[in-house]
Trainee: 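Following this message is one structure expressed as structure tokens.
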Number of protein chains: 2
Amino acid sequence: MKKHVAIVGATGAVGQEMIKVLLERNFPYQTLRLFASKQSAGKKLTIHNQNFIVEEFHDHCLNNIDIVFGATDALVAKDIAKQTKLNHALFIDNSSAFRLDEDVPLIIPEVNSSDFLTHQGIIANPNCATIIALTALQPLHAYANIQRLIVSTYQAVSGAGIYGIQELQQQIENIAHQHPIQIQHFPCQIAYNLIPQIGSFHDSGYSEEEIKLEKESKKILHDPSLLVNCTCVRVPVIRSHSESIYVEFKQPIDVHTAKQLLQQGNGVRFIDQNDNTKYPTPLDTSNQDYIYVGRIRKDPNPCVHALSLWCCGDQLRKGAATNAIQIAELSL
Amino acid sequence: MKKHVAIVGATGAVGQEMIKVLLERNFPYQTLRLFASKQSAGKKLTIHNQNFIVEEFHDHCLNNIDIVFGATDALVAKDIAKQTKLNHALFIDNSSAFRLDEDVPLIIPEVNSSDFLTHQGIIANPNCATIIALTALQPLHAYANIQRLIVSTYQAVSGAGIYGIQELQQQIENIAHQHPIQIQHFPCQIAYNLIPQIGSFHDSGYSEEEIKLEKESKKILHDPSLLVNCTCVRVPVIRSHSESIYVEFKQPIDVHTAKQLLQQGNGVRFIDQNDNTKYPTPLDTSNQDYIYVGRIRKDPNPCVHALSLWCCGDQLRKGAATNAIQIAELSL
């Protein structure tokens with residue numbers, strides 16, 4: 001039976017990507033309605049040659065909808081949840097509002113699809129950096145059990161939405177014309193620069209994004225004892241996130257085995273560094289659904305079972321939209 | 001007694017920075033001669049309002065020179081060393097030619113200046129990523145003894161010299177005008193991209209740059225048992241390198257103590273993250289001699305004495321030219 005589907009926040013970077021992915025994967029919807037704020041209501045979106053008119057999100061607008069995808073901030077997500085609860089609809093939320101709630105499963109289909117069975121109306125889509133890291137690591141985790149992660153990220157400006165992409169491009173253009181640059185959505189200049197801050201800082205010194213990666217990884221892997229140390233950095237790249245990951249396992253695993261596991265991994269493409277120019281880059285991995293893994297190496301510490309690797313994945317696709325649609329597919 | 005000084009490779013990014021730093025620090029030279037390849041001979045350089053004429057580097061050109069700074073590749077460095085040996089001159093070499101030679105000290109003045117006493121005519125300037133990491137870490141190492149480093153770098157295009165800077169700028173310009181880009185000095189596009197390769201790969205999977213950081217750190221800290229796991233990545237930034245460093249110590253050290261040590265550290269400026277926007281960025285730390293450290297945090301593993309931090313430093317200044325001049329100052 002085909003579903004009545006809605007996307008709330010449809011005009012944002014993730015919302016538009018959700019429309020694309022629903023169409024590309026032939027998601028079996030009977031109706032697809034797009035909602036956004038008052039300012040965007042009436043706007044026409046043309047995606048993959050199909051036209052959509054954006055409606056205003058308001059109370060009761062989600063009546064008769066079976067599956068709602070949320071691509072909004074956490075506040076709006078709570079409004080959506082009130083409506084989907086009344087309507088007994090399934091709400092797949094990309095915001096951080098419910099990710100750590102005990103009765104809300106947090107799902108990467110390649111990693112913990114069985115958590116789908118426990119949902120009570122809401123399923124949370126993890127943070128993009130978490131999805132990319134754990135999709136890359138899952139084939140290794142299934143074999144040797146991760147016990148510790150030390151991650152340094154290189155995160156694209158698309159993580160800050162359409163305005164993030166525009167801000168980088170505008171700054172680059174202004175610098176080229178020797179005009180003063182404008183800083184609006186990032187804490188400081190991102191063109192030709194790096195910003196080691198994503199979200200505000202907690203007392204521990206870790207940023208919100210770093211804490212998300214820690215707490216979400218523990219929840220998804222069902223392992224509160226997992227050790228995660230993360231440094232999240234914004235880089236002047238458009239839309240694929242990259243991560244330099246040190247991973248320590250409970251059981252032994254060698255580089256050769258890891259390569260074989262990654263070659264067969266679900267949702268993963270392994271790039272073997274068998275010559276001098278083969279590894280994933282953010283540019284090569286944009287506009288794709290796979291997480292690309294390469295540069296796999298043994299850590300020199302003989303006392304641990306540890307590897308280092310490099311992975312890249314499109315932040316708007318598998319890091320957000322594709323993962324949300326995959327979750328919805330579990331309901332079909 | 002003032003010295004007769006020469007720079008070989010004076011027209012490159014590091015060579016020109018060496019001239020600047022010699023002038024700025026009032027290095028007591030009697031004569032300063034600049035050498036480069038045949039193509040650059042006769043070229044006029046104006047630096048800090050002083051004019052210099054570049055001479056061709058050839059056999060015997062370094063007769064009567066007391067101190068030679070090398071800013072060339074490893075092959076030319078070996079030619080320079082032959083001349084400085086005959087002339088009993090001091091050769092401070094920025095290439096990788098002699099860095100791991102047993103009878104050549106490898107010096108960061110803030111870290112191991114006493115190694116100067118052991119030199120036999122050649123002193124090697126470490127790799128830029130090594131200088132930046134160890135200058136940042138030395139105040140902590142003196143207190144608690146480093147036993148392990150896991151480093152992810154974010155390295156500026158200036159590390160590939162003047163042509164590296166030009167290639168990034170040209171690619172950005174071509175993309176803006178929708179012209180095809182050219183790839184000459186980097187293995188792939190660097191504009192809006194990241195390249196997880198600096199130097200060629202060894203069989204272990206580690207790149208030359210990663211192995212330099214490992215081997216040079218062991219030599220400088222006189223600790224062959226030091227564990228170093230490095231991932232080196234080129235980023236579209238002009239001239240400051242950044243590094244995300246996980247550091248494990250032999251003795252306990254807490255964040256508060258680490259901050260105090262860094263505040264008093266030699267060659268280091270500590271940026272305390274006491275509000276939401278205080279941390280070093282490559283842009284803020286360019287054209288300066290200090291290594292800036294911030295974002296210091298405790299690692300969550302209770303079984304180790306470990307911290308994470310973020311540091312940035314100008315790759316051409318302290319990462320190369322300034323460190324070389326500081327080494328020469330030890331001879332005065």
Trainee: Side-chain contact test, heavy atoms from C-beta onward, threshold under 4.5 Å: evaluate it for A:Ser286 versus B:Tyr192 and give yes or no.
Mentor: no
Trainee: Are the side chains of A:Val228 and B:Pro300 in contact, using a 4.5 Å heavy-atom criterion?
Mentor: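 The answer is no, as the side chains (C-beta and beyond) never meet within the 4.5 Å cut-off.
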Trainee: To check you understand the geometry: which heavy-atom pair defines the closest contact between B:Pro236 and A:Pro236, and what is its length?
Mentor: CG-CG, 3.8 Å
Trainee: Given that the side chain runs from C-beta out, which part of A:Leu194 has a heavy atom under 4.5 Å from chain B: side chain, backbone, both or neither?
Mentor: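 Contact with chain B involves both backbone and side-chain atoms of A:Leu194.
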Trainee: Quick one: of A:Val235, A:Asp284, A:Ile296, A:Leu227, who has the most non-hydrogen atom pairs under 4.5 Å with chain B?
Mentor: A:Leu227
Trainee: Check whether more than 12 heavy atoms from other residues, nucleotides or ligands sit under 6.0 Å from atom CD of B:Gln263, and answer yes or no.
Mentor: yes
Trainee: Relative to chain B, which segment of A:Cys188 carries a heavy atom at a distance below 4.5 Å: side chain, backbone, both, or neither?
Mentor: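 Side chain of A:Cys188 only, per the 4.5 Å heavy-atom cut-off to chain B.
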Trainee: Let me confirm one number: the CD-OG1 distance from A:Gln197 to B:Thr281, rounded to the nearest 0.5 Å.
Mentor: 11.5 Å
Trainee: Evaluate the side-chain proximity of B:Tyr154 to A:Ser152: yes if any heavy-atom separation is below 4.5 Å, no if none is.
Mentor: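 Sidechains of B:Tyr154 and A:Ser152: in contact.
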Trainee: Side chain from CB out, backbone as N, CA, C, O: work out which of these in A:Thr153 comes under 4.5 Å of a heavy atom of chain B, or both, or neither.
Mentor: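 Only the backbone of A:Thr153 comes within 4.5 Å of chain B.
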Trainee: Determine whether A:Arg148 and B:Asp299 make a side-chain contact, defined as any pair of heavy atoms from C-beta on separated by less than 4.5 Å.
Mentor: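 Yes, at least one pair of side-chain atoms sits under 4.5 Å.
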Trainee: With a cut-off of 6.0 Å (strictly less than), are more than 12 heavy atoms of other residues, nucleotides or ligands near NZ of B:Lys215?
Mentor: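 Check fails, neighbour count at 12 or below.
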Trainee: According to side-chain contact (heavy atoms from CB on, under 4.5 Å), who are the partners of A:Ala176, at least two apart in sequence or on a separate chain?
Mentor: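 Testing A:Ala176 for side-chain contact (heavy atoms from CB on, under 4.5 Å), a comparison that skips the adjacent residues, returns none.
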Trainee: Keeping B:Asn193 on the side-chain end and A:Leu283 on the backbone end, is there a donor-acceptor pair under 3.5 Å?
Mentor: yes
Trainee: Could you check whether any side-chain N or O of B:Arg297 sits under 3.5 Å from a backbone N or O of A:Ser204, counting only pairs where one atom can act as donor and the other as acceptor?
Mentor: no
Trainee: Test your reading of the model: is there a side-chain donor-acceptor pair from A:Tyr206 to the backbone of B:Lys298, 3.5 Å cut-off?
Mentor: yes
Trainee: Which atoms of A:Cys230 come close to chain B, meaning under 4.5 Å heavy atom to heavy atom: side chain ones, backbone ones, both, or neither?
Mentor: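 The backbone, not the side chain.
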Trainee: Do any of residues 237-262 of chain B come closer than 4.5 Å to chain A, heavy atom to heavy atom, and if so which ones, in number order?
Mentor: B:Val237, B:Ile238, B:Ser242, B:Ser244, B:Tyr246, B:Glu248
Trainee: Tell me, side chain or backbone of A:Glu210 under 4.5 Å from chain B's heavy atoms, or both, or neither?
Mentor: side chain
